[in-house]
Asker: 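Before we start, here is the structure in question, set down as structure tokens.
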Amino acid sequence: MPNPGTFTLHSNAVPPLPAGSYVTHLTQTISAPGASPEQETSHFEVTAPRFALTPDQILSTFPPNQAEGAFSARLPHIVLKRRTLPWERELDGKNARSTLPREIPWLALVVLADSECQFKSGKPIAECVTPGVVLEGRNDVVVGNAIVVTDRVVTQVFPTKAELSLLAHVRNVDLSDTELALGDDDGWLAVVMANRLPQPGVRYRACLISIEGQYEVLPDTVVPEDRDAMMFAAKTVYENEARQADSIAYTHASKTGARSLTVADGWSTKKAAAAAASSGDSQSAQARLFTGPILGTMHAVDMAIIDPVATLYTFPVLAHWQFTCTGAGDFQSLVQNLDVGMTGTLPRELPPVQAGQKPHPPPSRDPPVVVDTGHIALEHVSRNGDPGTVWYRGPLVPRPTRRDQPDAQGLLPLLHASDQARRVGPDGRENLSLAAAFEIGRLLALAEPSVVAALLNWRKEMLEQDRRAELLDAEPSLGKLGTDDFMGGYARRAGHEQIVKLGSDEAKRLGRVRPRVDEGRPIEGIDNIDLTELLAVGLGVSTELVRDLIQPGVTRVELPQANVAEQVQSFDRLVATAGKEFASLRNAAQGEVTAIVTNALEAKTGPVKGTAAFDRMFKPEGRR
Amino acid sequence: MNRAAYLSNPLVFEATTKAILRGRRGAETTPLGDILPDSARRWLARLRLLEGVPFAHLIPDSELLPPESIRFFYLDREWTDALVQGALSVGTVNSLDRQHLQGLHARIRDEVDTEERKVRMVGADAPGAAAAETVTGFLLRSRLVSGWPALHVRGYRQEIGPDDGKVDENDPRRLRLLRLERLAPAVLLCLFDGVPQIVHLEEPRQGIQFGVDLVTNADGVTTGARVPLRDVLTSTRLDKMNPVPAGGTFVNVPFRQGAPGVIDLQTLTQRIAAQPATHVNNFGGAGVQSAELAMEMLQFPFRQVFGDPAKGTQPGGVVLEFVDLFKPKIKIAVVRQWEQGAPA
């Protein structure tokens, strides 16, 4: 086991027996006469994956599946848990022992751009190898994945025979180092590297392929690029490729600066050819005409259509994943060229223009006004509609700030509306930083109904609870309750205590006391009738008379004094004076009625003034 | 019960005003974390860490965060407090509500201060319940963010030795990260719980990687690639050796003709073997074996250290008030002297 933080590299881990069927013959020789011991024959099988790899055999891949990143300085690789896996099969795929050295792995990791292969999934294993190639022995699965590539791709991209063994190695890591071991059980891992650096702007598929039985297809030697720098100047590459009509313009995409070209681009040969022809460069036009159809995402397209004259090879794929390489440059160069500063720092000056270089484009606008505290002046239209500028500063500031602290009573200022936070800066312009912050907070909270509901409920419940506690505090008798009461019959006892207490006291503590006698309801026929009419009916006089009598403001005729003391001596005399007497009596009665009615209407109680005679006459008693 | 009648009862009204005071007293003794309901507290803490705040309100002008830049900052607590106050104001309907909230505000703030450290819990990293420290951080706008998705960010409150030294993961000087999030594919926001003296930006360590160093020209265009050589016996880089061995410490990476990115490994191994200081010929015969090639092409994660050891910045920085900015800094006597022809 290596020391923590370190690991050991080994070139290979070749198992003693390659995969295949084996027979052991056990013979025994006994020198005793007549003894002929049976020969013992037993069969066994050394198995190894052939067309498929179970996912648990793969510890990690780099770049990760579906990753997008600047991988252009890194070789893709796959880490396998079984350290012997790349050396478990013989290269020729025959049952008989191969003459090829066992140190050459049967697995290779190839990284292919979109247009360079046709990926076939779920095919019967007979279709997963080039027609004509026979792999003897037992197969592990019935269906598998495969890639179909042209001979040109094999020559250009696949590792050479000699490179194959350089690309697989074994690593022994410390298990306690999670960064390295990533959850492996024994710390021994096999690593298969690719031989290709991904190019920016291209989508790749990395395939762990089996070259069993097809070792001879791999190139022997390669043509090195005459200049090492060539491959990285994308423009040069393209031109270089175009000049060589038989080369494949893999990096077309890097010129457009986009991802790989689309299917539509790939098939628009006429357009491309026309465009190329119009450029006047017949040679490059030829090249484009040739390479045009093979560009783009064409995993489902038969390679025979793309490149009709090419020889096609099929390789089984044991594992595959896709990634996109974006941007150029490596981590170090990017991070060291960063423009470093505190917030509020304006972009650094552009480098001075060298002779022969294009001058920098003029700035499209003035630089923003930023002051030392991080405040920036922003265009603003006031509520009155006047244009102007205001100060604003976001939460990210170049210097530490002070924070409000609670006062002596433990109270902290609290804003209730954003306008409370509008400030006027020292130069007279408004400073809207905090007002904007308040408003954003309010809008963000309003955007989440659950938060609004939680806040509302919380405060309502809390207030209600405290209020109940205050009400209970105001009721001293509840203070008598002990803790035991909470367990049994607390509520009943509390209620009982309350009722007793309330009974002995006018229950003023709970609210307004109800009056002893309720105000009556109006009674039909009593409270809603015309009093004048009632009087008229009761007195047997006409309503008009009563109305006339009680008419306010009418002056009464002074009552004539009747001479009651005068004796009636004779009927004649009586008759003679009757008219006068009766008139006098009638007037008196009329005056009394008037007084009574007036008094009644004015709801006066007690004896009516000046009615003594009548009182005596009727002896009214118990008058209310 | 008729609620309006209940509330208009003078006794209840009196109890309500007292209840507001009681609520405040109660909040003072309630342990932090029990005052606000869980969901609201967590939401406010996340809001405090600027979650959901429109980017234009963080960086009001694109010039303040140009492409390929990093901007460090202090988090303005006053601003984030106003943010929280805005959120709290949502439930207040009448002045009674506001008075109630006002009484609780100080404790609510303390509680959110504690909670904001719990938003991002990594492993067994227990957040302290200490008072809120100054929060700082940085915004990084670069291809680094989109190209290296799992960038490691570490802040330390003190110098931690040599820049390429090994630092323990649980080093006590390491600052807690309050937030580390990509706001956009190429914009990374990081918030530290404290003021860092040193910030490490490290290439993600997804296992071990193999690769090359890209060579760029003055215009930033990649013109080639090279491999820094190592001695396979000691795994030391030749350019870090003392003395540096003769014969070159780097080899240029050869490529196959017409095949972009495909390395001509055979030529590369010959070039490596040509430098005797690598000692590749000592094992498994002459020439480079696969383990030796892997050793040469190993790429260790790059660590960029931000800090200013020369200046030794004061912890906490200097508070500068907005009001102080426009104060005249020249005495009137000086101006008068100018008028009399003194040199400005």
Asker: If you define the side chain from C-beta out and look only at heavy atoms, does anything of A:Leu455 sit under 4.5 Å from B:Leu88?
Answerer: yes
Asker: Would you compute the distance between atom OG1 of A:Thr343 and atom CG of B:Leu64 and round it to the nearest 0.5 angstrom?
Answerer: 8.5 Å
Asker: Where does A:Gln405 contact chain B at under 4.5 Å (heavy atoms): side chain, backbone, both or neither?
Answerer: both
Asker: Measure distances from A:Ile440 to the heavy atoms of chain B and classify the residue's part below 4.5 Å as side chain, backbone, both or neither.
Answerer: both
Asker: Would you mind checking if A:Glu470 and B:Arg22 are paired as a salt bridge, meaning a charged N to carboxylate O distance below 4.0 Å?
Answerer: yes
Asker: Mind listing the closest non-hydrogen atom pair of A:Leu444 and B:Trp43 along with its distance?
Answerer: O-CZ2, 3.6 Å
Asker: Output the option from B:Leu201, B:Asp81, B:Val135 having the highest count of non-hydrogen pairs under 4.5 Å with chain A.
Answerer: B:Asp81
Asker: Tell me, side chain or backbone of A:Ala168 under 4.5 Å from chain B's heavy atoms, or both, or neither?
Answerer: backbone
Asker: Hey, mind stepping through B:Thr269 and A:Leu166 against side-chain contact (heavy atoms from CB on, under 4.5 Å) and telling me if it holds?
Answerer: CA-CA 9 Å; B:Thr269 52; A:Leu166 287 171; 3.6 Å; yes
Asker: Please report the interatomic distance CD(B:Gln99) to CG(A:Leu414), rounded to the nearest 0.5 Å.
Answerer: 11.5 Å
Asker: Heavy atoms only: give me the nearest B:Ser69-A:Leu338 pair and the separation to one decimal.
Answerer: N-CD2, 3.9 Å
Asker: Would you say the side chain of A:Arg74 lies within less than 4.5 Å of the side chain of B:Phe210, judging by non-hydrogen atoms?
Answerer: no
Asker: Flag the pair B:Asp61 and A:Arg365 as a salt bridge only when some basic side-chain nitrogen lies within less than 4.0 angstrom of an acidic carboxylate oxygen.
Answerer: yes
Asker: Is it the side chain or the backbone of A:Leu456 that comes within 4.5 Å of chain B heavy atoms, both, or neither?
Answerer: side chain
Asker: For A:Met342, is it the side chain, the backbone, both, or neither that has a heavy atom closer than 4.5 Å to a heavy atom of chain B?
Answerer: both
Asker: How far apart are the closest heavy atoms of A:Thr155 and B:Arg256, and which atoms are they?
Answerer: O-NH1, 3.0 Å
Asker: Is there a side-chain contact between A:Gln156 and B:Val262 (heavy atoms, below 4.5 Å)?
Answerer: no
Asker: Take B:Leu50 and A:Leu396 through the test side-chain contact (heavy atoms from CB on, under 4.5 Å) and record every step on the way to the result.
Answerer: CA-CA 10 Å; B:Leu50 307 175; A:Leu396 319 179; 3.8 Å; yes
Asker: Which atoms of A:Val79 come close to chain B, meaning under 4.5 Å heavy atom to heavy atom: side chain ones, backbone ones, both, or neither?
Answerer: neither
Asker: Minimum heavy-atom separation for A:Glu163 to B:Leu265, with atom names?
Answerer: OE2-N, 3.0 Å
Asker: Would you indicate whether the side-chain heavy atoms of B:Ile263 and A:Arg196 approach each other to under 4.5 Å?
Answerer: no
Asker: Classify the side-chain pair A:Arg442/B:Ser89 by whether it contains a donor and acceptor separated by less than 3.5 Å.
Answerer: no
Asker: Of the backbone (N, CA, C, O) and the side chain (C-beta and beyond), which part of A:Val191 lies under 4.5 Å from a heavy atom of chain B, both, or neither?
Answerer: side chain
Asker: Find the one option among B:Lys18, B:Glu63, B:Gln299, B:Glu78 whose heavy-atom pairs under 4.5 Å with chain A are most numerous.
Answerer: B:Glu63
Asker: I need the A:Arg459 CZ to B:Leu101 CG distance, nearest 0.5 Å.
Answerer: 5.5 Å
Asker: Starting at CG of A:Leu411, measure out to NE2 of B:His105 and round the result to the nearest 0.5 Å.
Answerer: 10.5 Å
Asker: Locate the shortest heavy-atom distance separating B:Tyr74 from A:Arg399; write the atom from each residue and the value.
Answerer: CD1-C, 3.4 Å
Asker: So, do B:Trp79 and A:Leu434 sit near enough that their side-chain heavy atoms are less than 4.5 Å apart?
Answerer: yes
Asker: Is there a side-chain contact between A:Ser72 and B:Leu214 in this structure, where contact means two heavy atoms from C-beta onward sitting under 4.5 Å apart?
Answerer: yes
Asker: Any non-hydrogen side-chain atom of A:Phe438 less than 4.5 Å from a side-chain atom of B:Leu83?
Answerer: no
Asker: Please state whether the side chain, the backbone, both or neither of A:Ser165 comes within less than 4.5 Å of a heavy atom of chain B.
Answerer: backbone
Asker: Show the nearest heavy-atom pair for residues B:Leu75 and A:Thr401, with the distance to one decimal.
Answerer: O-OG1, 4.4 Å
Asker: Of the backbone (N, CA, C, O) and the side chain (C-beta and beyond), which part of A:Gln465 lies under 4.5 Å from a heavy atom of chain B, both, or neither?
Answerer: neither
Asker: Do B:Arg71 and A:Asp339 sit within salt-bridge range, that is, some charged N less than 4.0 Å from a carboxylate O?
Answerer: yes
Asker: Could you look at A:His10 and say if it's the side chain, the backbone, both or neither that has a heavy atom under 4.5 Å from chain B?
Answerer: backbone
Asker: Would you call B:Arg109 and A:Arg403 a side-chain contact if the rule is heavy atoms closer than 4.5 Å?
Answerer: yes
Asker: Let me confirm one number: the OG-CG distance from B:Ser290 to A:Leu167, rounded to the nearest 0.5 Å.
Answerer: 8.5 Å
Asker: Tell me which of these, B:Ala56, B:Gly137, B:Pro60, B:Ala40, has more heavy-atom pairs under 4.5 Å with chain A than the rest.
Answerer: B:Pro60
Asker: Does any heavy atom of chain B fall under 4.5 Å from the side chain of A:Pro198, the backbone, both, or neither of them?
Answerer: neither
